[in-house]
Number of protein chains: 2
Amino acid sequence: MKRKSTKKIILEKALEHFSKQGYAGASIRQIARSVGIRESAIYNHFESKEEIFLALLYQFKSQTISKEILNDELLDQLSNPENFLKVFTRRLIDFWNTPQERKFIRVLLMEQFTKIGSSEISISEYLTDLRSICKLIFGEMSKNGIIKKFDTVVLADEFAAFLFLLRSEKISGDEKLPITKIYDLAEMHVDFFWNSVKA
Amino acid sequence: MKRKSTKKIILEKALEHFSKQGYAGASIRQIARSVGIRESAIYNHFESKEEIFLALLYQFKSQTISKEILNDELLDQLSNPENFLKVFTRRLIDFWNTPQERKFIRVLLMEQFTKIGSSEISISEYLTDLRSICKLIFGEMSKNGIIKKFDTVVLADEFAAFLFLLRSEKISGDEKLPITKIYDLAEMHVDFFWNSVKA
DNA sequence: TATTAGAATGAACACTCGTTCATAAACTAA
DNA sequence: TTAGTTTATGAACGAGTGTTCATTCTAATA
């Protein structure tokens with residue numbers, strides 16, 4: 001078994017440090033020590049600290065909810081909309097609960113306002129994915145008379161805001177809630193939401 | 001008119017830098033230059049950089065929603081619950097939209113996961129204020145049969161999550177939405193919410 | 001086995017960091 | 001005015017920052 005390339009380990013450890021101390025707070029030397037090499041060796045793989053950061057951003061930008069979660073199997077369940085929402089939400093949580101995603105959202109929340117961040121990332125951009133999918137879903141449901149008539153943009157945000165708070169606070173936060181608790185909270189939200197919008 | 005004390009100006013400028021670059025990214029020298037003094041003079045007023053940060057935290061910890069927003073005049077409007085929620089939300093937004101609060105929430109979002117932050121602050125703690133007030137409000141409404149029976153904890157979060165997202169993204173974010181737009185978004189949320197819970 | 005490209009090293013660079021300290025200036029109270 | 005206190009200064013500190021570079025090691029290719 002070939003072991004992971006140094007470049008990947010650097011990215012891995014960099015994400016770990018960035019997620020704990022922020023971009024400015026983490027140092028090349030700390031990252032290098034975690035990888036098990038000297039700091040100068042880092043520059044055989046990346047041109048600068050910023051390039052490491054941007055490489056991480058790029059890595060996560062390429063993972064979209066639609067790619068990772070929405071598939072035919074799930075879409076087949078659209079005939080039972082409430083169940084569809086529950087399965088969709090559960091998969092969302094599983095996806096967000098992966099170690100990488102947990103760290104990434106922390107970096108995002110920390111760096112969204114800084115110079116290095118604001119030019120390249122924006123929290124809206126990363127939310128857009130979930131939002132646009134919600135708009136699609138609820139737009140379709142609305143058209144088919146499954147749910148009441150609403151502004152789909154508002155609907156999408158009403159559904160997504162709670163989940164986003166759940167993500168940043170409960171999933172990626174420091175208080176380690178068991179995953180079942182998080183499932184429960186999400187399900188209660190879907191219940192509340194569905195009860196509000198169903199035709 | 002006596003001019004502001006140096007100590008207050010230091011806090012003011014420190015908040016500004018922290019909100020733009022984070023705690024680790026902002027330096028004593030930058031802050032000192034903004035104040036118009038040398039960095040060594042800072043230490044006549046604060047023992048360390050960390051003490052400045054903690055002083056800022058303390059300052060904002062003492063401002064609670066209940067103190068700043070909830071007063072008798074507002075509570076008198078509880079007879080018209082929907083209107084009460086709208087006025088309450090509008091005041092919340094006005095409060096969150098003050099320059100100081102806009103900067104503070106940024107610092108909070110940035111530092112919530114860092115070492116210096118996590119030992120002293122937590123995003124939950126600062127949300128608790130709004131949450132507990134919501135629980136109180138909705139608990140009372142539920143008891144009086146004004147709204148349907150719900151788990152008040154869930155209700156509180158359903159109401160607060162959207163507003164929190166509005167705050168971090170639209171009010172304190174970099175895209176400068178006109179305040180009227182924000183009012184509109186909030187009112188649409190209250191409409192949706194009220195429509196879902198009213199008896 | 002000899003050659004070569006990629007990766008790691010350790011020392012060094014110029015800089016910035018937070019903090020300290022003796023000293024000087026500015027303000028207050030007697 | 002004088003004495004005393006607070007505040008500001010500028011230089012210095014040790015440590016840490018990101019980055020460079022000549023050199024050595026390693027592993028695959030010829």
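Below, each value reflects all heavy atoms present in this structure, side chains not excepted, and no hydrogens, waters or symmetry copies. Chain letters run A, B, ... following the sequence lines, proteins first and then strands; every chain starts at 1.
- When rounded to the nearest whole Å, the span between CD of E50(A) and P of dT19(D) equals 9 Å.
- In terms of the ring-ring contact (aromatic ring centres under 6.0 Å, His included) criterion, residue partners of F193(B) (sequence neighbours excluded) are, by chain and number, F138(B), F159(B).
- Looking at Y23(B), its side chain does come within 3.5 Å of a backbone N or O of E50(B) through a donor-acceptor pair.
- DNA chain C is contacted by E39(B), S40(B), Y43(B), S48(B) of residues 38-48 of chain B, taking any non-hydrogen atom closer than 4.0 Å.
- Under the salt bridge (charged side-chain N to carboxylate O under 4.0 Å, His left out) criterion, the residue pairs touching residues 34-47 of chain B are R29(B)-E39(B), with sequence neighbours excluded.
- Contacts between residues 22-37 of chain A and DNA chain D, defined by a heavy-atom separation below 4.0 Å, involve A26(A), S27(A), I28(A), R29(A), listed by number.
- With sequence neighbours excluded, the residues that form a side-chain contact (heavy atoms from CB on, under 4.5 Å) with Q30(B) are H17(B), Q21(B), A26(B), S27(B).
- Using a 4.5 Å cut-off between side-chain heavy atoms of Ile, Leu, Val, Met, Phe, Trp and Tyr, V154(A) falls into a hydrophobic cluster with M188(B).
- Residues passing the side-chain contact (heavy atoms from CB on, under 4.5 Å) test with A156(B), sequence neighbours excluded: C134(B), K135(B).
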Give the table of side-chain donor-acceptor pairs shorter than 3.5 Å for residues 85-93 of chain B, with sequence neighbours excluded, one pair per line with atom names and distance.
{"from": "K86(B)", "atom 1": "NZ", "to": "D191(B)", "atom 2": "OD1", "distance (Å)": "3.0"}
{"from": "T89(B)", "atom 1": "OG1", "to": "L85(B)", "atom 2": "O", "distance (Å)": "2.7"}
{"from": "R91(B)", "atom 1": "NH1", "to": "I69(B)", "atom 2": "O", "distance (Å)": "3.4"}
{"from": "R91(B)", "atom 1": "NH1", "to": "N71(B)", "atom 2": "OD1", "distance (Å)": "3.3"}
{"from": "R91(B)", "atom 1": "NH2", "to": "E73(B)", "atom 2": "OE1", "distance (Å)": "3.4"}
{"from": "R91(B)", "atom 1": "NH2", "to": "E73(B)", "atom 2": "OE2", "distance (Å)": "3.4"}

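- K49(B) places its NZ atom 15 Å from the P atom of dG16(D), with the value rounded to the nearest Å.
- Between the NE2 atom of H17(A) and the P atom of dG18(D) there is a distance of 11 Å, given to the nearest Å.
- Among residues at least two apart or in separate chains, there is no ring-ring contact (aromatic ring centres under 6.0 Å, His included) pair with a member in residues 29-50 of chain A.
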